[in-house]
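One-based numbering along the sequence shown. Read the numbers this way: they start at 1 and go in the same order the structure lists the ligands and their atoms. It should be emphasised that the depicted structure is a prediction, and the values quoted were computed from it without experimental measurement.
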Amino acid sequence: MEVIIKDTYEEIGIEAAGIVKKSLARKPNLVLGLATGSTPLSLYGELIRMRSKEGLDFSGVRTFNLDEYVGLKPEHPQSYNFFMRENLFKHINIKEENINIPDGMAENLEEHCRGYEEKISGAGGIDLQVLGIGRDGHIAFNEPGSSLGSRTRIKTLTEETIQDNSRFFTGAEDVPIFAITMGIGTIMESRRVLLLANGEKKADIVARFIEGPITSEVTASVLQMHPDLVVLVDVKAAQKLKRAKYYRWVCENKKKLKTGNPTC
Ligand code: PGA
């Protein structure tokens, strides 16, 4: 695991976009796993800038989004489908047929979830998965207690998540209770995982998931077992990390490495 601490939220986005750009240079038909929420917005903003100023080419990229609310149409302003189009897809040259987002309106949700897993496998698996983290340690909508081997399925959201997400709706009563989400097992199969977190509100959970025990109480903690995990945090989210000094030391020294491909 590499933990990279940046001064600001904007710098997280720039660093993360740099990682996407490098991955794209190595593999133009990259399979990119994408997340919604406030956290990845600085990354998406930077990717949009790279598209318009540097001509970064997304024409071969295939994307898989982590999750979607059950019962919201793609054109609903709070659906994750709508979010992705507004905040990324309509600003870059990605092909419509290469975009994959779970369909919260699918008639047979279970079958749809199975099909989503098959599509990911059919694309050769996810090369780089972008993640945020909830205050309760969830990744995608894998709430505390989720099986660490889970696959794409329907999940019932916790009251805390509903409350957190109600800021995007008129009120908590409008937030759907169910979502389709990739499972922890699905996420763990991604070849590389890039988790982003910013702000003081995430400081506790960032420390717990990186330095605490692996437990389904904090589903993100299983990422400690991932062979290629990069965690990008700002100083506010990093303030409770016991080994923050060491993570900075690692980054400083890795820059001196002549071999390999260190992230920081
Ligand atoms: P946020 O959500 O990026 O809006 O903080 C993260 C999450 O719930 O995964």
**Request:** Provide the number and element of each atom of ligand 1 under 4.0 Å from a heavy atom of Arg167.
**Result:** 4 (O)
**Asked** With backbone taken as N, CA, C and O and side chain as the heavy atoms from C-beta onward, which portion of Lys201 lies under 4.0 Å from ligand 1: side chain, backbone, both, or neither?
**Response** neither
**Test ring pair (Phe, Tyr, Trp, His ring centres under 6.0 Å) applied to Tyr69 and Tyr80, step by step** = CA-CA 7 Å; Tyr69 289 115; Tyr80 287 168; 4.8 Å; yes
**Request:** Mark yes or no for whether Glu211, through its side chain, and Arg208, through its backbone, hold a donor-acceptor pair below 3.5 Å.
**Result:** no
**Message:** Can you tell me how the ring of Tyr44 sits relative to the ring of Phe83, calling it parallel under 30°, perpendicular over 60° and tilted otherwise?
**Reply:** perpendicular
**Message:** Under a 4.0 angstrom heavy-atom cut-off, which atoms of ligand 1 come close to Gly37?
**Reply:** 3 (O), 4 (O)
**Fill in**
Taking only non-hydrogen atoms of Thr39 and a 4.0 Å limit, the atoms of ligand 1 in range are 1 (P), 3 (O), 5 (O)
**Prompt:** Is Leu196 reachable from Leu34 through a run of I, L, V, M, F, W or Y residues, each pair having side-chain heavy atoms under 4.5 Å apart?
**Reply:** yes
**Item:** Protein heavy-atom partner closest to atom 9 (O) of ligand 1 - residue, atom, separation in Å
**Value:** His138 NE2, 3.4 Å
**Item:** Point-to-point distance, once rounded to the nearest 0.5 Å, from CG of Leu157 to CD of Gln163
**Value:** 12.5 Å
**Message:** For Phe82, is there any backbone N or O sitting under 3.5 Å from a side-chain donor or acceptor partner on Ser79?
**Reply:** yes
**Message:** Show me which atoms of ligand 1 lie under 4.0 Å from any heavy atom of Gly134.
**Reply:** 7 (C), 8 (O), 9 (O)
**Prompt:** Identify the closest protein heavy atom to atom 2 (O) of ligand 1: which residue and atom is it, and at what distance?
**Reply:** Lys202 NZ, 4.2 Å
**Request:** Would you mind checking which non-hydrogen protein atom is closest to atom 6 (C) of ligand 1, with the distance to 0.1 Å?
**Result:** Ile133 O, 3.5 Å
